[in-house]
Amino acid sequence: MLTNVRLISKDDLLETVQELARDNYRLLSITATEIAGGFDLIYHFAQGMTMLNLRFSIGYEQEVPSITPFYFCAFVPENELKDFHGIKIANLPINYRQLFILSELTPVKTPLAPRAAAASGTEVLPE
Amino acid sequence: MKRRTVIPFGPQHVVFPEPIQFRLILEEERVVDAIPALGYMHRGIEQLATVKDFTKTLYLAERICGICSVMHTLAYAQAIEELMGIEVPPRAKYLRTIWAELGRLQSHLLWMGLAADAIGYESLFMQTWRAREVVLEMIEFTEGSRIMTGSITIGGTKRDLHAESLEFLLHKLEHLEQALNDIYPVFSDDPLIKQRTVGVGLLSKADAIKLGAVGPTARGSGIAEDMRLLGYAAYGELDFQPVVETSCDSYGRMLVRVKECFQSIELIRKAIAKLPPGEVLVKVKGRPEGEVIMRIEQPRGELLYYLKAGGDKSLARWRIRTPTLSNLPPLVHMVKGARLADVPLITLSIDTCIACVER
């Protein structure tokens with residue numbers, strides 16, 4: 001089951017991540033899931049074998065600050081968030097502009113955000 | 001300021017079995033920066049899982065990668081079992097461990113062969129892959145095929161190992177150990193291999209933590225982290241310690257993999273010795289509901305799955321974070337300051353698995 005979850009707000013993200021970086025936590029990944037009206041975000045960290053998950057929600061149009069000032073490696077999952085969900089990331093130093101894993105030829109934009117894609121009139125995959 | 005040149009390294013290159021590109025920015029012979037470019041074989045597996053039946057997604061998991069196939073099915077099956085509250089029979093847990101270690105052996109030996117080939121040791125490459133063939137024979141004999149075996153399923157395993165299979169395994173493990181005893185000194189002591197790997201592709205322990213390195217890449221930098229210590233499958237009952245090297249270079253990462261081959265042999269022997277009797281599969285009823293995170297140790301490092309299910313036939317979300325994806329930022333760090341001629345071997349030293357990255 002999902003354990004060690006700390007609920008935070010988007011505004012507290014950078015401060016919390018800075019503390020984790022100071023305590024030698026490792027960034028494992030970032031997971032986004034489309035929910036009604038926006039996205040549920042989970043930032044996965046670990047210290048040794050123990051995990052810590054930071055969780056908050058954002059609206060479709062809200063921007064999330066990049067955590068690359070504290071974890072440079074975050075540019076990988078943050079570019080994935082842009083590719084797969086169309087989530088806006090502020091101050092991303094290595095910005096592939098939604099071409100990190102997907103390409104210009106990909107027929108479906110933001111494939112893991114079907115409701116957002118449908119609302120914007122983009123083609124979505126059939127159920 | 002020195003003149004800078006950009007060299008596209010990949011997507012087709014002799015050290016890459018799969019396509020990936022690094023745009024290397026050079027000042028004369030030195031790399032000053034590297035930008036990875038992905039997307040040559042993305043298959044949309046995370047999205048596909050949201051429309052497929054969760055039982056069929058098991059086969060999708062196996063096909064994420066041809067080398068780590070058993071690890072993906074293990075992680076997926078364990079995640080679904082945790083969501084549905086399924087208790088897997090003890091014998092199945094041991095069988096899963098045996099097959100997972102065989103998978104690790106064939107993956108590490110595959111890498112060792114590729115590394116030998118990249119260095120220019122054709123004979124070592126052939127010796128290593130001959131040893132790998134012994135492992136593939138064990139997999140074929142016990143699981144029915146060599147790569148996509150489909151042995152692990154939700155609720156246990158589809159196959160059992162009988163006395164004849166266990167004897168075959170023990171016999172072949174002796175052959176394999178002998179072959180590895182012959183190969184090991186070449187990897188550890190050969191002056192040419194040391195010249196190409198010692199002090200090349202440096203990644204300090206602090207940088208490994210900061211950049212999120214996992215698996216042999218992290219253990220080669222002195223980090224004693226191995227997800228098998230979490231005790232999934234039968235690992236909690238098999239006493240072992242992670243293989244750790246502290247040289248923080250390509251040589252250290254190479255030695256971790258070579259030594260882990262011996263460790264896998266020991267783990268398989270222990271699992272066979274302790275293999276409990278009984279059933280190997282329980283019937284699965286219902287649909288998964290809830291959220292779970294599953295972490296297991298793939299040959300290349302920590303594999304992380306996040307699964308969310310709402311009691312429907314399909315999953316609401318399946319997030320796959322593979323070890324190579326985690327090891328890309330450390331790789332970018334390692335190649336900075338390296339000579340162009342060392343880039344292929346440094347890239348190889350994290351054991352890139354692009355199919356896993358692209359998923």
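Since this is a predicted model, take the numbers as computed values, not measurements. A note on names: the letters A, B, ... follow the listed sequences, proteins ahead of strands, and every chain is numbered from 1. No hydrogens, no waters, no symmetry mates; every other heavy atom, side chains included, goes into these values.
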Under 4.5 Å from any heavy atom of chain A - which part of Leu325(B): both
Non-hydrogen side-chain atoms of Ile223(B) and Arg26(A) separated by less than 4.5 Å: no
message: Working to the nearest 0.5 angstrom, can you tell me the gap between Leu328(B) CG and Phe75(A) CZ?
response: 7.0 Å
Distance-minimising heavy-atom pair for Ser326(B) and Leu28(A): OG-O, 4.1 Å
query: Heavy-atom distance under 4.5 Å between the side chains of Ile42(A) and Ile293(B), does that happen here?
result: no
- line: Value for CD (Glu291(B)) from CG (Leu2(A)), rounded to nearest 0.5 Å, stands at 5.0 Å
Point-to-point distance, once rounded to the nearest 0.5 Å, from OG1 of Thr50(A) to CG of Leu230(B): 8.5 Å
- prompt: Shortest non-hydrogen contact from Cys73(A) to Gly212(B)?
  reply: SG-N, 4.2 Å
field: Residue Tyr59(B) excluded, over 12 heavy atoms near OH under 6.0 Å
entry: no
Contacting moiety of Leu307(B), where chain A heavy atoms sit under 4.5 Å: neither
message: Check whether Arg319(B) reaches the backbone of Ile30(A) with its side chain - one donor and one acceptor, N or O, closer than 3.5 Å.
response: yes
- prompt: Which one, Met41(B), Glu82(B), Glu46(B), Met294(B), leads in non-hydrogen pairs under 4.5 Å with chain A?
  reply: Glu82(B)
Side-chain donor or acceptor of Arg295(B) paired with backbone N/O of Met49(A) under 3.5 Å: yes
message: Check this for me: Asn4(A), atom CG, are more than 12 non-hydrogen atoms of other residues, nucleotides or ligands nearer than 6.0 Å?
response: yes
- request: Please state whether the side chain, the backbone, both or neither of Pro330(B) comes within less than 4.5 Å of a heavy atom of chain A.
  value: neither
query: Any salt bridge between Glu80(A) and Arg321(B), counting N to O under 4.0 Å?
result: no
field: Region of Ala213(B) that comes under 4.5 Å of a non-hydrogen atom in chain A
entry: backbone
query: With a 4.5 Å limit on heavy-atom distance, are the side chains of Leu304(B) and Met51(A) in contact?
result: yes
Residues of residues 9-25 of chain A within contact distance of chain B, non-hydrogen under 4.5 Å: Asn24(A), Tyr25(A)
query: Can you tell me if CZ on Arg6(A) sees more than 12 non-hydrogen neighbours from other groups inside 6.0 Å?
result: no
message: Are more than 12 heavy atoms, taken from residues, nucleotides or ligands other than Lys52(B), located less than 6.0 Å from that residue's NZ atom?
response: no
query: How would you list, in number order, the residues of residues 308-315 of chain B that have a heavy atom less than 4.5 Å from chain A?
result: Lys308(B)
- prompt: Which pair of heavy atoms, one from Lys210(B) and one from Tyr71(A), lies closest together, and at what distance?
  reply: O-CD2, 3.8 Å
field: Region of Asn53(A) that comes under 4.5 Å of a non-hydrogen atom in chain B
entry: side chain
